[in-house]
Amino acid sequence: MTESVFPGLSQAVSTLRASEIRELLKLISRPEIISFAGGIPDPALFPLDAIGASYQRVLANPALAGEAFQYSISEGYPPLRDWIVGYLKTHGIGTGPEQVLITSGAQQALDFLGRALINPGDAVVMSSPSYLGAIQVFGTYQPKFLSAPMDDEGVVLDALEAAFKQKPKFFYLTPDFCNPAGITTSLARRKAILKLAHQYGVAILEDSPYEELRYENARIPSFAALELQDLAAPGSDGKRLVIYVGSLSKVLTPALRIGWVCADPALINKLVLVKQASDLHCSTINQMVACDIASSSHASQVAKLRKAYKERRDVMLETLERCLPKEVRYTKPDGGMFIWLEFPDSIDGTELLAEAVKDIQVAFVPGSAFYATDVKRNTARLSFSLGEPARIREGIERLSALLQNKLRANRAA
């Protein structure tokens, strides 16, 4: 069936295509499918009792209820912004409420930053691979994408500097347990990237939705924290180039749609105007509830998630080590939700997915979806956030057997 086209669509919108991941999420509802596709939180771990009680407290108080259902300020619910300021300070990011804008999830923050910073044809640097949602949203503003490949410590510096010499508007990355590869940018690499950014005057868009989901090793300071340290040192250039994007979706629940941007006040002031023009403000009652839950139980919720997701990660890694063909490489993340596979060149991830769903009832995301340029098709992303350990083990065993058979057939051909 040929896709119909509405007359008069803009060039940017007419080229949009459905997300492979959104289509794959439909498979999760099929009970026979073991899905490693959706990089989403496990709803069984949501703090539902606390959320329900918080809504009830707001609704039971006439003054709070009136505020909760009324129009509000675009910057965000002040107590929630104050909580975010305090939270960021515990992570070495000294800031104030005037430097924080609440957004409808981190995805809206990325959209607003694309709208504020990208003119058609501007260069934008992406890690390679990179978060599909960022590629999609920035793509609507018609940039020229530049890609910098990654190794085990993060983006490769020589490639990044070559991209910076083309005067891009910003460099986007997820430094902690990145989506999709699970790679964490090392401290040494962060310092080197920050130095390059200030040398060439390139903004760093630091997307940090997974920062709290660390299962081992010490926390690494964010780009935002490192930059503030540098700015306080003698001889600093005084430029605040790091734009920090955070979210409560992975810790509390995605449905509250609470994200934020922390950046130079001059940029925040413009983003507030973008927010006003877009949707005026985020849901006030959701902001109230998020503030209540974050203030009372953020730390305990993080501890619960770390315990559950670490067990699932460990099971997936153990089964990959035991069953996966040696020709297939995979990452070993310290946290987050993802493991990245790289197959021999003879295996296409999209073709493998079709076979896996049909023959062994296992789903994952082909890696080709995560490249802004220079697509590598012999890749795949696995998520371990959903599913009990026994089911994860079974799914990896099935997938490994399929890969063994394909590689054996390829060698015999």
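For the single chain, residues carry numbers from 1 onward in sequence order. Basis for what follows: all heavy atoms, side chains included, without hydrogens, waters or symmetry-related copies.
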query = Where is the tightest heavy-atom contact between S130 and M126, given as atom of each residue plus distance?
reply = OG-CE, 3.6 Å

inquiry  = Check whether S278 reaches the backbone of V274 with its side chain - one donor and one acceptor, N or O, closer than 3.5 Å.
reply    = no

task = Dump the intermediate steps for side chain to side chain contact (heavy atoms under 4.5 Å, CB included) on Q301 and I293, then the final yes or no.
result = CA-CA 9 Å; Q301 179 66 11; I293 303 304; over 6 Å; no

Side chain to side chain contact (heavy atoms under 4.5 Å, CB included) between I243 and F223, intermediate numbers included = CA-CA 9 Å; I243 305 165; F223 282 94; over 6 Å; no

message = Is it the case that over 12 heavy atoms from other parts of the model lie below 6.0 angstrom from the NZ atom of K195?
response = no

message = To the closest 0.5 Å, what do you measure between CD1 (I102) and OG1 (T284)?
response = 11.5 Å

task = Please report the closest heavy-atom contact between W260 and A109, naming both atoms and the distance.
result = O-CB, 4.4 Å

query = What closest approach, in Å, do E211 and F177 show between heavy atoms, and which atom pair accounts for it?
reply = O-CE1, 3.9 Å

query = Counting only heavy atoms not in D158, do more than 12 sit closer than 6.0 Å to its CG atom?
reply = no

query = Does the side chain to side chain donor-acceptor pair (under 3.5 Å) test come out yes or no for Y131 and Q107, once each step is laid out?
reply = CA-CA 11 Å; Y131 169 49; Q107 190 68 21; 2.8 Å; yes

ask   = Can you tell me if S186 uses its side chain to pair, donor with acceptor, with the backbone of R189 under 3.5 Å?
value = yes

key: Check: A37 main-chain N/O paired with R381 side-chain donor or acceptor under 3.5 Å   = yes

request  = Assess the side chains of D82 and Y77: does a donor N or O sit below 3.5 Å from an acceptor N or O?
outcome  = no

task = Begin with the C-alpha distance, continue with both residues' side-chain angles, and end with the deciding distance and a verdict on side chain to side chain contact (heavy atoms under 4.5 Å, CB included) for L352 and L402.
result = CA-CA 9 Å; L352 180 67; L402 176 63; 3.8 Å; yes

task = Verify the neighbour count for atom CG of N119: are there more than 12 heavy atoms of other residues, nucleotides or ligands below 6.0 Å?
result = yes

inquiry  = Minimum heavy-atom separation for I268 and A263, please, with both atom names.
reply    = CG1-O, 3.7 Å

key: C178 vs M150 side-chain heavy atoms within contact, under 4.5 Å   = yes

ask   = So does R398 pair up with E394, basic N to acidic O under 4.0 Å?
value = yes

request  = For the residue pair L341 and F364, establish whether any side-chain heavy-atom pair is separated by less than 4.5 Å.
outcome  = no

ask   = Just by distance, do the side chain of Q361 and the backbone of K358 share a donor-acceptor pair under 3.5 Å?
value = yes

ask   = Distance-only, no hydrogens or angles: does the S400 side chain make a donor-acceptor pair with backbone N or O of I396 under 3.5 Å?
value = yes

request  = Inspect the contact between R322 and E397 and indicate whether a charged nitrogen and a carboxylate oxygen are less than 4.0 angstrom apart.
outcome  = yes

message = Donor-acceptor check, side chain of T331 to backbone of W340, threshold 3.5 angstrom: yes or no?
response = yes

inquiry  = With rounding to the nearest 0.5 angstrom, report the CG to OG1 distance, D176 to T185.
reply    = 7.5 Å

query = Taking C-beta and beyond as the side chain, do Y309 and P41 meet within less than 4.5 Å on heavy atoms?
reply = yes

ask   = Ignoring hydrogens and geometry, is there a side-chain-to-backbone donor-acceptor pair from Q287 to C282 under 3.5 Å?
value = yes

request  = Run the numbers on N286 and Y55 for side chain to side chain donor-acceptor pair (under 3.5 Å), then give the verdict.
outcome  = CA-CA 9 Å; N286 283 0; Y55 275 111; 2.6 Å; yes

query = Does a side-chain N-to-carboxylate-O contact under 4.0 Å join K239 and E227?
reply = no

query = After noting the C-alpha distance and the side-chain angles of R312 and S385, does the key distance pass the side chain to side chain donor-acceptor pair (under 3.5 Å) rule?
reply = CA-CA 7 Å; R312 297 172 192 184; S385 58; over 6 Å; no

request  = Report yes if some heavy atom in the side chain of K165 is under 4.5 Å from a heavy atom in the side chain of Y200; otherwise report no.
outcome  = yes

ask   = When you measure from the side chain of K169 to the backbone N and O of D122, does any donor-acceptor pair fall under 3.5 Å?
value = no

query = How about L205 and L110: do any of their side-chain heavy atoms sit closer than 4.5 Å?
reply = yes

remark   = Output for pair (L305 CG, K250 NZ), nearest 0.5 Å, gives 11.5 Å

query = Would D334 and T184 count as having a side-chain donor-acceptor pair, cut-off 3.5 Å?
reply = no

task = Give a yes or no on whether a salt bridge exists between D348 and K406, defined as a side-chain N under 4.0 angstrom from a carboxylate O.
result = no

request  = Measure from the ring center of F138 to the ring center of F170 and say whether it is less than 6.0 Å.
outcome  = yes

key: Criterion side chain to side chain contact (heavy atoms under 4.5 Å, CB included) on F171 and I193, from CA distance to verdict   = CA-CA 10 Å; F171 167 44; I193 290 171; 3.9 Å; yes

key: Non-hydrogen side-chain atoms of F338 and V365 separated by less than 4.5 Å   = no

key: Note, L317 side chain near Y330 side chain (heavy atom, < 4.5 Å)   = yes

request  = Return yes if some donor-acceptor pair links the side-chain N/O of S236 with the main-chain N/O of A232 below 3.5 Å, else return no.
outcome  = no

inquiry  = Measuring from atom CD1 of I40 to atom OG of S249, what distance do you get when rounded to the nearest 0.5 angstrom?
reply    = 12.0 Å

request  = Look at the side chain of N378 and the backbone N and O of F343, then say whether any donor-acceptor pair between them is shorter than 3.5 Å.
outcome  = yes

key: Side-chain heavy atoms of L386 within contact of S35, under 4.5 Å   = no

ask   = Would you call the rings of H91 and Y87 parallel, tilted or perpendicular if under 30° counts as parallel and over 60° as perpendicular?
value = tilted

query = Which heavy atom in S222 sits nearest to a heavy atom in Y244, and how many Å separate them?
reply = CB-CE1, 4.1 Å

task = Measure the spacing between NE2 of H281 and CD of E75 and express it to the nearest 0.5 Å.
result = 11.5 Å

ask   = Going through the checks in order, is the salt bridge (Lys or Arg N to Asp or Glu O under 4.0 Å) test met by E212 and R219?
value = CA-CA 9 Å; E212 290 292 358; R219 180 191 300 276; 3.3 Å; yes

ask   = CZ of R329: more than 12 outside heavy atoms within 6.0 angstrom?
value = no

message = For the CG atom on D152, are there more than 12 heavy atoms of other groups (residues, nucleotides or ligands in this structure) within a distance under 6.0 Å?
response = no

request  = Any chance you could lay out the side chain to side chain donor-acceptor pair (under 3.5 Å) test for S147 and D374, step after step, and finish with the verdict?
outcome  = CA-CA 8 Å; S147 295; D374 304 322; 5.1 Å; no

query = Between R190 and E153, is there a side-chain N and carboxylate O pair less than 4.0 Å apart?
reply = no

key: Distance-minimising heavy-atom pair for L403 and I347   = CD2-CD1, 3.8 Å

ask   = Can you tell me how far CD of Q276 sits from OG of S74, rounded to the nearest 0.5 angstrom?
value = 4.0 Å

